[in-house]
Student: 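Starting off with a structure, shown below.
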Amino acid sequence: VTGVQTCALPIWEEAGLTDRDQLARLALKWNLAVEGLTLSLVGAEDGAQLENSLRAVSEPDFNEEEAAALQALRTSETYREFSSTKRQRF
């Protein structure tokens with residue numbers, strides 16, 4: 001588990017999301033959806049993780065399940081707290 005994953009775990013759990021493959025795809029798809037983004041680095045420890053990332057790239061649009069997962073993340077208390085603090089700092 002990387003440092004980023006360790007920090008993000010509470011929000012995933014709070015939103016009721018436990019499928020790490022789905023979360024990895026969501027993160028990659030979200031990055032790819034950011035207009036003006038010119039680079040997104042993907043790391044994989046094994047072939048299964050690489051295949052999961054390739055699936056996200058080959059199907060870049062969010063399906064209904066993924067859109068619902070993103071909504072669950074955005075409406076979590078942790079996200080709302082982070083979002084408001086981020087806006088105040090920047």
Side-chain angles (χ1 to χ4, degrees):
V1 177
T2 68
V4 171
Q5 290 171 330
T6 301
C7 293
L9 282 174
I11 194 171
W12 295 346
E13 292 170 352
E14 182 181 337
L17 304 172
T18 58
D19 182 345
R20 288 180 180 241
D21 287 340
Q22 179 191 37
L23 292 167
R25 285 191 309 275
L26 281 173
L28 183 53
K29 285 183 176 191
W30 182 83
N31 275 291
L32 294 173
V34 174
E35 192 171 324
L37 182 76
T38 58
L39 176 68
S40 186
L41 297 175
V42 177
E45 291 183 6
D46 56 38
Q49 287 182 355
L50 180 58
E51 286 178 18
N52 190 52
S53 293
L54 290 173
R55 184 173 156 203
V57 172
S58 67
E59 303 167 9
D61 295 329
F62 296 110
N63 62 35
E64 287 182 28
E65 182 181 356
E66 292 165 336
L70 283 174
Q71 185 62 22
L73 289 168
R74 288 184 185 121
T75 57
S76 70
E77 183 62 33
T78 301
Y79 178 84
R80 287 190 307 234
E81 234 176 75
F82 166 77
S83 185
S84 100
T85 303
K86 180 178 138 187
R87 286 188 186 109
Q88 291 171 359
R89 289 184 293 180
F90 297 103

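Since the model is a prediction, treat every value here as computed from it, not as a measurement.
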Student: How close do Q49 and G43 get, heavy atom to heavy atom, and via which atoms?
Tutor: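 Nearest pair, atom of Q49 first, then G43: OE1-O, 4.5 Å.
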Student: Output every pair passing side chain to side chain donor-acceptor pair (under 3.5 Å) with a member in residues 51-61, not counting sequence neighbours, ordered by first then second residue.
Tutor: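 Side chain to side chain donor-acceptor pair (under 3.5 Å) check on residues 51-61 returns R25-N52.
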Student: Looking at residues at least two apart in the chain, or sitting in another chain, which of them share a side chain to side chain contact (heavy atoms under 4.5 Å, CB included) with A69?
Tutor: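 Applying side chain to side chain contact (heavy atoms under 4.5 Å, CB included) to A69 gives L17, Q22, L26.
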Student: Out of curiosity, L70 CG to Y79 OH, how far, rounded to the nearest 0.5 Å?
Tutor: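 Taking CG in L70 and OH in Y79, the distance rounds to 9.5 Å.
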Student: Partners of E77 by side chain to side chain donor-acceptor pair (under 3.5 Å), sequence neighbours excluded?
Tutor: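 Once residues adjacent in sequence are excluded, the partners of E77 under the side chain to side chain donor-acceptor pair (under 3.5 Å) criterion are R80.
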Student: Would you please name every residue forming a side chain to side chain contact (heavy atoms under 4.5 Å, CB included) with T75, sequence neighbours left out?
Tutor: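 For T75 the side chain to side chain contact (heavy atoms under 4.5 Å, CB included) partners, ignoring immediate neighbours, are Q71.
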Student: Which residues, ordered by chain and number, are linked to L50 in its hydrophobic cluster, where ILVMFWY side chains connect at heavy-atom gaps below 4.5 Å, directly or through other members?
Tutor: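 The other cluster members (ILVMFWY side chains, heavy atoms under 4.5 Å, direct or chained) are L54.
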Student: Quick one: side chains of residues 34-42, donor-acceptor pairs under 3.5 Å with protein atoms, not counting sequence neighbours, listed by atom name and distance.
Tutor:
none

